[in-house]
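Input: a single structure, listed below in structure tokens.
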Amino acid sequence: MHTKALYAGSFDPMTLGHLDIIERAAKIFDELVIGVTVNLEKKTMFSYEERMDMIREVTKDMPNVTVDKCEGLLADFVLDNGFNVVVRGLRNTTDFNEELSMDQLHKHLYRGKAETVYITAKNEYAFISSTMARQVISLGGDGSMLVPDHVLHTMRAKLGLE
Ligand code: ADP
């Protein structure tokens, strides 16, 4: 069976934790699409175009990875685009508990056509969140252990720090 996996999130911005999940998922599944969610109510540091551009640049050498805009209900996006796998990253028991309840909903909404697969974070990335990266980098802290280099430069340029 051809496996077409979706890894969706806001990626505001993409972190080293996200990148690690992407690299590992890309080895397991035939195709991996990074779905950048567009949420007009949630104020993001980067527009969805900027978030997509950063992910494209960082993943440009991964031949089975593409980036797409993910709008509306996740389950509709999954079914309309023929995904049979949805990848989620798990950092800790807070993520786990949230994912368990979402999973009950998705088992229903995916109508047996897609399965959610959880990949646990590596220890060294399990504490990283996009919120933490935005806070540290906007205050001028060293963000090199939080986000890929390209993301760090893009953020610092946007903040007028370089
Ligand atoms: P959302 O807006 O859905 O919270 P995020 O961009 O924060 O999106 O995260 C997308 C996915 O990546 C989620 O499954 C989340 O649990 C996972 N994730 C986030 N940070 C990390 C990390 N440091 N290590 C592993 N997985 C992570």
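Ligands are counted one by one from 1 in listed order, and the atoms in each one are counted from 1 as well.
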Tyr7 neighbourhood, listing ligand 1 atoms whose heavy-atom distance to it stays under 4.0 Å: 11 (C), 12 (O), 17 (C), 18 (N)
Distance-minimising heavy-atom pair for Ala114 and Val85: CB-N, 4.4 Å
Per-residue contact class, Lys122 against ligand 1 - non-hydrogen pairs under 4.0 Å: neither
Under 3.5 Å: donor-acceptor pair, side chain of Asn92, backbone of Thr94: yes
Taking atom 4 (O) of ligand 1 as the reference point, the nearest protein heavy atom with its distance: Ser10 OG, 4.6 Å
From CG (Asp95) to OH (Tyr118), nearest 0.5 Å: 11.0 Å
Polar atom proximity, Glu99 to ligand 1 (N or O, under 3.5 Å): no
Sub-4.0 Å atoms of ligand 1 with respect to non-hydrogen atoms of Gly17: 22 (C), 23 (N), 24 (N), 25 (C)
NE2-OG distance between His18 and Ser130, expressed to the nearest 0.5 angstrom: 4.5 Å
Non-hydrogen protein atom less than 4.0 angstrom from atom 20 (N) of ligand 1: yes
Closest contact, heavy atoms only, Arg51 versus Ser10: NH1-O, 2.8 Å
Heavy-atom gap Ala126 to ligand 1 smaller than 4.0 Å: no
Atom 14 (O) of ligand 1 - nearest protein heavy atom and its distance: Gly89 N, 3.0 Å
Atom 9 (O) of ligand 1 - nearest protein heavy atom and its distance: His18 NE2, 3.3 Å
Side-chain (Asp30) to main-chain (Lys4) donor-acceptor, under 3.5 angstrom: no
Contact check, Arg24 vs ligand 1, heavy-atom distance below 4.0 Å: no
Proximal atoms of ligand 1 relative to Phe11 (non-hydrogen, under 4.0 Å): 6 (O)
Residue from Thr59, Val36, Ile34 passing side-chain contact (heavy atoms from CB on, under 4.5 Å) with Met14: Thr59
Passing candidate, side-chain contact (heavy atoms from CB on, under 4.5 Å) with Asp76, options Leu74, Asp80, Val78: Asp80
For Asp95, the ligand 1 atoms whose distance to one of its heavy atoms is below 4.0 Å: 16 (O)
Minimum-distance protein heavy atom relative to atom 13 (C) of ligand 1: Arg88 NH2, 3.6 Å
Protein contact of atom 10 (C) of ligand 1 - nearest heavy atom, named by residue and atom, plus distance: Ala8 O, 3.6 Å
Tyr110 and His106 aromatic ring geometry - parallel, tilted or perpendicular at 30°/60° bounds: parallel
Ile128 N/O to ligand 1 N/O under 3.5 Å: yes
Part of Lys42 with heavy atoms under 4.0 Å of ligand 1, whether side chain, backbone, both or neither: side chain
Thr37 versus Asn39, side-chain donor and acceptor atoms under 3.5 Å: no
Tyr125-ligand 1 polar pair, N/O distance under 3.5 Å: yes
With Tyr7, the side-chain contact (heavy atoms from CB on, under 4.5 Å) member among Val86, Ile21, Val33: Ile21
Heavy-atom nearest neighbour of atom 26 (N) of ligand 1 within options Ile21, Val87, Leu19: Ile21
Ala121 neighbourhood, listing ligand 1 atoms whose heavy-atom distance to it stays under 4.0 Å: 24 (N), 25 (C)
Short side-chain to backbone donor-acceptor contact, Arg91 and Ile128, under 3.5 Å: yes
Contact with ligand 1 for Phe127, non-hydrogen, under 4.0 angstrom: no
